[in-house]
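Note sheet for the following structure.
Each chain gets a letter, A, B and so on, in the order its sequence line appears, and its residues count up from 1.
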Amino acid sequence: MEESRLRKLQRLKEEGKAYPYKFEVSHQIGDIRSKYEKPTDKRQVKVKAVVKRVSKIEEGFLLRIASPQGIEMLAITKEEIQAGKEYLLMGSLGRYESKLCIFDAKPLEEGEGLSIESLKEEYDLDPQYEEISLAGRLITLRSMGKALFGHIQDATGKIQIYLREDLLGKDVFEEFQDLVDTGDIIGVKGKLFRTKTGELTVEVQAYSLLAKSLHPMPEKWHGIKDVEVRYRQRYLDLIANEQARKIFILRSKVIQEIRNFLNREGFLEVETPILQPIASGANAKPFITYHNYLEQNLYLRIAPELYLKRLIVGGFNRVYEIGKNFRNEGVDTTHNPEFTMLEFYASYWDYEDLMNFTERLLSHVLISTVGNLKINYQGKYIDFTPPYKRYRYFELLEKKTGKDKDFFLRDVEGLRKLAKELNIPKADTLTHAKLIDKVFDVLVEDELLGPCFVLDFPKLLSPLAKSHRKDQDLVERFELFIAGKEIANAYTELNDPEEQRERFLQQLEEKEMGDEEAMQMDEDFIIALQYGMPPTGGEGIGIDRLVMILADVDSIREVILFPALRRI
RNA sequence: GAGCCGGUAGCUCAGCUCGGUAGAGCAACGGACUUUUAAUCCGUGGGUCGAGGGUUCAAAUCCCUCCCGGCUCACCA
């Protein structure tokens, strides 16, 4: 903690102003911005202006450009441009940190350009001294003697504030200078205007210090880069890094739009147990806990699947659940021990219906969040326009190895030899099912770039999926791959209780042969099936990974607010 | 679990190769400045160099052990 700030807090406490209870806010900052700043729709423009200042940013060079009258806007160029000279710049109009900005600006040799004034008039409206009251964290402060500028920020944006001694009175103005630091949360009341450079600004008539920050803020230019601090003290990341704020707002929108879509399609949102007496429904190691009153072990769910299917038996024809699953396994860029899944089930559907539905669902989510079906992910172009490519599991393997389905399903020793040639670790001891899975992993997965469905998996790998109607070696199951990552897993559900029992028994054999993740038997679920489950299609979508793709980040920790870290 | 990389001021980083009084910018503190915006100008203070041990006259720097994180692999949907 910082000495000088503690002293200021002490003074505030003595005056009874330290931690007020409430402040009336008339708007969120973003509301004000969208009210007076029109969308630019990427309009192509040519603008003639003097370049006043050039700074290096990640995207290239940020230019502050001004008209002869001193009205300013921004431009971003790839090539560095000399400050102090007049240029005619061409590019697409947008907003950078809510200021008008010419993106991809290129200097032209000659021609006529628009004036900054005319653009400002069109897109940045005059707020005409509207009276407002805003609150937020003070993130910058520039003292000019008898006047003072700063920016306050909330989750929706930031806005400039302007304090003048002659408006506030000497006492109030000096008190502000004495007691307020960057990082503090303040409320301001005043009138909206534009400064002579054209920036939307609150002329402050009264202020309140709402909470003091006893620690100095991270540096304003670089933000917080240390990933360990960003994950452990996520609030600092959210204060300092706009990119982080954007990702979590996007995540929230994605989940909301998934709900909107499913609700509209007649699905019922439900909640099923997270504490389960048997952890089943997926192949994974569970977390174990103990319930004192029931005097028994419980498991944190590895999947909600078997409960959701019980609801199908109960007659809820379309159900979904969005929630955490827990798997006691490794942590890396695509795995967190607790992660968010969407699972949904629809009676009378099969996996063909699910594929079509998945395409519609993702189209809706993309259009309503990022606004486009074509995106860039880590430098790769990905087009979500349906229909997605569909590949058969064994066709992909045959293309890679020249060996057909019979080889993989009947010639275990031959397969083991192939696995060794591929340098798959522990190839000597892996079970048949694991061998197939690994070989597919190594040979095929990374190359599945575009959104594509891999379908018709071997039955060995899919104890809850219904046998394929044309081939008893296979099941009617698909996985959706995007950018080499598995995003969704779905199948026509197995609804024959006898066959389900056999599949569970087979899993127990796998477990005895050393597969720790093989599925547990759930007798109660089989009883449910005995009452009759209609033909049903069911699917799980990994929300974290989907958000990774849409946010264009390469680590799952970037889309989980508080990722799992070792305690220090 | 293995390999590689990193941890230095509140933040972003330099210094480590080749041991010799721990640096810059921002932030802070004092001062000037009533339209600034990475404000500017003058001045000041600020460090368990991740922790512990070793080598040495002397260690941020060389060696060892450990902690935390990142990436790759292994494991895993």
Side-chain angles (χ1 to χ4, degrees), chain A residues 1-5 7-8 52-57 62 64 70-72 74 97 99 139-151 158-168 173 181-183 193-201 203 213-233 236 239-241 282-285 302-303 325 327-337 339 341 423-426 430 434 437-438 441 445 461 479-481 485-489 515-517 540-542 544-545 554-557 563 565-568:
Chain A
M1 279 187 290
E2 208 173 68
E3 279 286 319
S4 63
R5 290 173 186 243
R7 280 198 305 272
K8 292 173 191 178
K52 301 199 75 167
R53 186 180 196 136
V54 183
S55 5
K56 180 88 190 78
I57 55 169
L62 179 67
R64 178 175 291 277
I71 305 290
E72 296 189 351
L74 303 174
E97 294 187 338
K99 288 172 192 163
I139 49 167
T140 57
L141 195 57
R142 297 175 288 282
S143 165
M144 307 281 301
K146 295 195 171 57
L148 197 148
F149 287 91
H151 277 89
K158 58 183 171 187
I159 194 162
Q160 182 164 259
I161 59 172
Y162 176 47
L163 291 86
R164 267 167 46 182
E165 190 186 275
D166 56 3
L167 248 167
L168 287 164
F173 187 80
D181 294 298
T182 55
F193 75 111
R194 285 190 183 277
T195 62
K196 72 175 187 193
T197 59
E199 175 153 359
L200 191 61
T201 302
E203 187 180 70
S213 168
L214 296 175
H215 296 279
M217 283 296 103
E219 206 235 15
K220 61 191 166 202
W221 189 242
H222 298 94
I224 291 211
K225 292 214 167 140
D226 184 335
V227 288
E228 194 170 345
V229 175
R230 290 186 46 231
Y231 299 156
R232 285 191 199 278
Q233 294 176 275
L236 288 179
I239 292 167
N241 299 326
N283 302 88
K285 276 179 255 176
I302 54 176
N325 289 349
R327 300 188 184 177
N328 204 341
E329 286 155 1
V331 177
D332 63 30
T333 47
T334 50
H335 297 86
N336 196 62
F339 61 100
M341 281 272 281
N423 289 321
I424 290 173
K426 300 187 208 150
L430 287 177
K434 284 265 171 195
D437 201 24
K438 285 285 142 204
D441 227 46
E445 270 193 16
L461 294 176
E479 289 189 348
L480 170 66
F481 284 88
K485 298 184 211 304
E486 182 206 332
I487 301 296
N489 181 19
D515 181 357
E516 278 187 271
E517 284 88 31
I541 296 182
D544 311 280
R545 290 183 184 179
D554 57 5
S555 168
I556 200 167
R557 295 179 204 99
L565 292 179
R566 207 181 293 274
R567 202 178 82 188
I568 331 180

Which is true for [X] with a 4.0 Å heavy-atom rule: it touches a base, it touches only sugar-phosphate, or it touches nothing?
{"X": "A:A284", "result": "sugar-phosphate"}
{"X": "A:R327", "result": "sugar-phosphate"}
{"X": "A:F173", "result": "nothing"}
{"X": "A:R557", "result": "sugar-phosphate"}
{"X": "A:L236", "result": "nothing"}
{"X": "A:K225", "result": "sugar-phosphate"}
{"X": "A:E517", "result": "sugar-phosphate"}
{"X": "A:D226", "result": "sugar-phosphate"}
{"X": "A:K158", "result": "nothing"}

Can you see if the side chain of [X] gets near the phosphate of [N] - specifically, an N or O under 4.0 Å from OP1 or OP2?
{"X": "A:R142", "N": "B:U36", "result": "no"}
{"X": "A:R232", "N": "B:G70", "result": "no"}
{"X": "A:K434", "N": "B:C75", "result": "no"}
{"X": "A:K220", "N": "B:A28", "result": "no"}
{"X": "A:R53", "N": "B:A39", "result": "no"}
{"X": "A:R566", "N": "B:G69", "result": "yes"}

Step-by-step side chain to side chain contact (heavy atoms under 4.5 Å, CB included) determination, A:M217 to A:I239: CA-CA 9 Å; A:M217 283 296 103; A:I239 292 167; 3.9 Å; yes
So which nucleotide does [N] pair with, by the Watson-Crick or G-U wobble rule with both distances under 3.5 Å?
{"N": "B:A2", "result": "B:U72"}
{"N": "B:C11", "result": "B:G25"}
{"N": "B:C49", "result": "none"}

Would you mind telling me which residue lines up with the more 5' stretch of RNA chain B, A:R567 or A:G330, judged by nearest nucleotide? A:R567
Mapping A:T201 and A:D181 to their closest nucleotides on RNA chain B, which lands nearer the 5' end? A:D181
Nearest-Å distance, [atom1] ([X]) to [atom2] ([N])?
{"X": "A:F149", "N": "B:U35", "atom1": "CZ", "atom2": "P", "result": "7 Å"}
{"X": "A:E219", "N": "B:C26", "atom1": "CD", "atom2": "C1'", "result": "4 Å"}
{"X": "A:E72", "N": "B:U36", "atom1": "CD", "atom2": "P", "result": "8 Å"}
{"X": "A:I71", "N": "B:U36", "atom1": "CD1", "atom2": "C1'", "result": "14 Å"}
{"X": "A:Q233", "N": "B:G10", "atom1": "CD", "atom2": "P", "result": "13 Å"}
{"X": "A:I424", "N": "B:C75", "atom1": "CD1", "atom2": "P", "result": "9 Å"}
{"X": "A:E329", "N": "B:A74", "atom1": "CD", "atom2": "C1'", "result": "13 Å"}
{"X": "A:K196", "N": "B:A39", "atom1": "NZ", "atom2": "P", "result": "17 Å"}

Can you confirm whether [X] sits close enough to [Y] that some side-chain heavy atom of one is under 4.5 Å from a side-chain heavy atom of the other?
{"X": "A:R7", "Y": "A:E2", "result": "no"}
{"X": "A:V229", "Y": "A:L236", "result": "yes"}
{"X": "A:R53", "Y": "A:E72", "result": "no"}
{"X": "A:E517", "Y": "A:K434", "result": "yes"}

Side chain of [X], base of [N]: donor and acceptor closer than 3.5 Å?
{"X": "A:T334", "N": "B:C76", "result": "no"}
{"X": "A:H335", "N": "B:C76", "result": "yes"}
{"X": "A:E199", "N": "B:U35", "result": "no"}

With under 30° as parallel and over 60° as perpendicular, where do the rings of A:Y162 and A:F193 fit, or are they tilted in between?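 Judged by the thresholds at 30° and 60°, the geometry between A:Y162 and A:F193 is tilted.
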Check whether any side-chain N or O of A:D181 sits under 3.5 Å from a backbone N or O of A:P216 as a donor-acceptor pair, and report yes or no.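 It does not hold such a pair.
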Of the listed nucleotides B:A28, B:U35, B:C71, the one nearest the side chain of A:T195: B:U35
Return the nearest nucleotide to the side chain of A:W221; candidates are B:A74, B:A38, B:U34.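 Per side-chain heavy atoms of A:W221, the pick is B:A38.
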